Amino acid sequence: MNKFTIVHISDPQLTTAEPQYHQQLPPTAKLQRIFDDVLAHDLRPDLVVVGGDLLQEGTSQDYAWLRQYLAQQAKRLGAPVNVILGDGDDREAFNTGYLEQAHQPYYAYKQMYQNMDFYFLDSKWEPNKEAGWLDRQQLDWLNKNLHLAPRRRAFIFLHHPLDAPALHSMRYALLQNNRELLAILHGHNIGGIFAGHLHFDASYLVDLNIPVTAVGSASTYIDCQDPNRHEVHDGCSYNVITIQRGMASVTHQPLYLGQTIIDTIDVNSTGFVKHRPRLTLSKRAAGPSM
């Protein structure tokens, strides 16, 4: 297997209005700095993934602009740019402006590169919910596709990280149905899970042998050492994932970290969300694909 390089970016939180926090650089300039850094260091990625929270309060026109902007960057880098949805994205605006399609319940798709399968999942839950959720139909679609190619090495991208001992105080923000996802992945040839959402880097194992890597944010860094009071800093970073012979290694690329606290986030309850939907059996194991 030839070396395969992925640039992983998450949480750019682009906006046409004033940024949510007082940032030294606007979010668009930070994202551009990442693309420029990839070119400056001649990384030559085979794929770029922008892993959710694409826009902040984005309209369909904003998502249409984003599609054009990312197409321009893809041409500069000579690599496709894939996106997934995060909790901050507007699904209907994304469907209309970015996909130019009618309503669909989720945006999940599979792509094949060399002898590897890449799955891009949609963990956005309901509007105004920070936590992540994968519905039954999407899980069935994933399960079906994994069984169709049991020997191929599979890599999973989604916005929300899975639970881990070091993240117990952040369960309110993580993927809420970890067990159901891991039950599907168990026994398959999974090379890694890649997420974002935390606004800081994290690496750990789930199900004993599946590596999970959460990439830092393209827009801010959030210090969550105090479980009930998080400190927000201006920041910008991305990861480079290198896959060779089915093994993935990740390097962190920090571009900027402000020392000043620009905002704080108060957290009342740190546990899992209390009222989660039931995963009922679906009649069809199919979903939209790219």
Side-chain angles (χ1 to χ4, degrees), residues 10-15 17-23 27 51-58 84-94 106 121-136 138-139 158-182 193-206 212-237 257-279:
S10 192
D11 300 86
Q13 296 182 328
L14 306 179
T15 177
E18 287 295 322
Q20 183 178 1
Y21 308 115
H22 180 67
Q23 302 177 35
D53 277 11
L54 308 171
L55 292 169
Q56 184 177 310
E57 299 180 357
I84 55 180
L85 293 182
D87 55 288
D89 287 302
D90 186 306
R91 189 184 302 282
E92 295 306 318
F94 174 81
Y106 60 88
L121 305 183
D122 183 350
S123 60
K124 177 178 172 60
W125 197 358
E126 300 172 358
N128 302 318
K129 284 189 182 293
E130 183 177 358
W133 184 262
L134 298 171
D135 65 19
R136 179 80 271 166
Q138 186 176 177
L139 289 171
L158 76 167
H159 183 68
H160 292 83
L162 280 67
D163 187 29
L167 300 178
H168 281 185
S169 63
M170 298 199 66
R171 282 177 162 174
Y172 70 95
L174 303 179
L175 184 70
Q176 299 297 292
N177 51 339
N178 296 270
R179 293 181 180 179
E180 289 83 0
L181 175 59
L182 289 177
I193 299 174
F194 303 98
H197 186 56
L198 299 177
H199 289 240
F200 61 83
D201 293 276
S203 298
Y204 50 96
L205 293 176
V206 294
V212 179
T213 301
V215 61
S217 168
S219 56
T220 57
Y221 167 76
I222 302 181
D223 184 343
C224 301
Q225 294 186 74
D226 184 336
N228 300 108
R229 189 172 179 82
H230 300 171
E231 298 176 346
V232 182
H233 298 257
D234 204 5
C236 179
S237 67
L257 176 60
Q259 298 302 308
T260 303
I261 299 172
I262 59 177
D263 204 350
T264 58
I265 303 172
D266 293 325
V267 179
N268 295 323
S269 176
T270 61
F272 284 124
V273 177
K274 292 183 178 179
H275 302 291
R276 289 173 281 169
R278 289 188 176 185
L279 280 173

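Excluded from the calculations below are hydrogen atoms, water molecules and symmetry mates; all remaining heavy atoms, backbone and side chain alike, are included. When a residue number appears, it is its place in the shown sequence, counting from 1. The structure displayed is predicted, hence computed values, not measured ones.
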Candidate pair Asp11 and Thr220, rule side chain to side chain contact (heavy atoms under 4.5 Å, CB included), full reasoning: CA-CA 8 Å; Asp11 300 86; Thr220 57; over 6 Å; no

Test side chain to side chain contact (heavy atoms under 4.5 Å, CB included) applied to Glu130 - qualifying residues, sequence neighbours left out: Asp87, Tyr172, Ala173, His197

Residues in side chain to side chain contact (heavy atoms under 4.5 Å, CB included) contact with Val273, at least two apart in sequence or another chain: Trp125, Ala131, Gln176, Arg276

Rounded distance (nearest 0.5 Å) linking atom CG of Leu139 with atom CH2 of Trp133: 8.5 Å

Chi angles and distances behind the side chain to side chain contact (heavy atoms under 4.5 Å, CB included) call for Thr270, Asn228: CA-CA 8 Å; Thr270 61; Asn228 300 108; 4.0 Å; yes

For residues 164-171, tabulate all N or O donor-acceptor pairs below 3.5 Å that involve a side-chain atom, not counting sequence neighbours.
residue, atom, partner, partner atom, Å
His168, NE2, Arg171, NH2, 3.1
Arg171, NE, Asp163, OD1, 3.3
Arg171, NE, Asp163, OD2, 3.0
Arg171, NH2, Asp163, OD2, 2.8

side-chain hydrogen bond (donor to acceptor under 3.5 Å, both in side chains) involving Ser217 - partner list, sequence neighbours excluded: His199, Ser219

Close side-chain approach of Ile84 and Leu121, heavy atoms under 4.5 Å: no

Arg229: side chain to side chain contact (heavy atoms under 4.5 Å, CB included) partners, not counting sequence neighbours: Asp226, Thr264, Asp266

Sequence-distant partners of Ser10, side chain to side chain contact (heavy atoms under 4.5 Å, CB included), two or more places apart: His159, Val215

Separation between CD1 of Ile222 and CD of Glu231, rounded to the nearest 0.5 Å: 11.0 Å

Contacts of Phe194 that satisfy ring pair (Phe, Tyr, Trp, His ring centres under 6.0 Å) - sequence neighbours left out: Phe157

Distance, nearest 0.5 Å, that separates CZ of Arg179 from CG of Leu162: 12.5 Å

Polar side-chain atom of Lys124 near backbone of Asp89 as donor-acceptor pair, under 3.5 Å: yes

Shortest non-hydrogen contact between Ala218 and Pro12, atoms and distance: CB-CA, 3.9 Å

Atom pair CG/CG of Leu54 and Asp90 - distance to nearest 0.5 Å: 11.5 Å

Over all atoms of both residues, closest heavy-atom pair of Ala214 and Gly196: CB-O, 4.2 Å

Pair listing, salt bridge (Lys or Arg N to Asp or Glu O under 4.0 Å) test, anchored in residues 196-206, at least two apart: none

Spacing of CG belonging to Asn177 relative to CG belonging to Leu182, to within rounding of 0.5 Å: 10.0 Å

Exam field: side chain Gln138 to backbone Asp122, donor-acceptor pair closer than 3.5 Å: yes

Pairing residues for Asp53 by the salt bridge (charged side-chain N to carboxylate O under 4.0 Å, His left out) criterion, not counting sequence neighbours: none

From CG (Asp234) to OG1 (Thr260), nearest 0.5 Å: 9.0 Å

Gln259: partners by side-chain hydrogen bond (donor to acceptor under 3.5 Å, both in side chains), with sequence neighbours left out: none

Audit row: Leu134, Glu180, side chain to side chain contact (heavy atoms under 4.5 Å, CB included) steps and yes/no: CA-CA 9 Å; Leu134 298 171; Glu180 289 83 0; over 6 Å; no

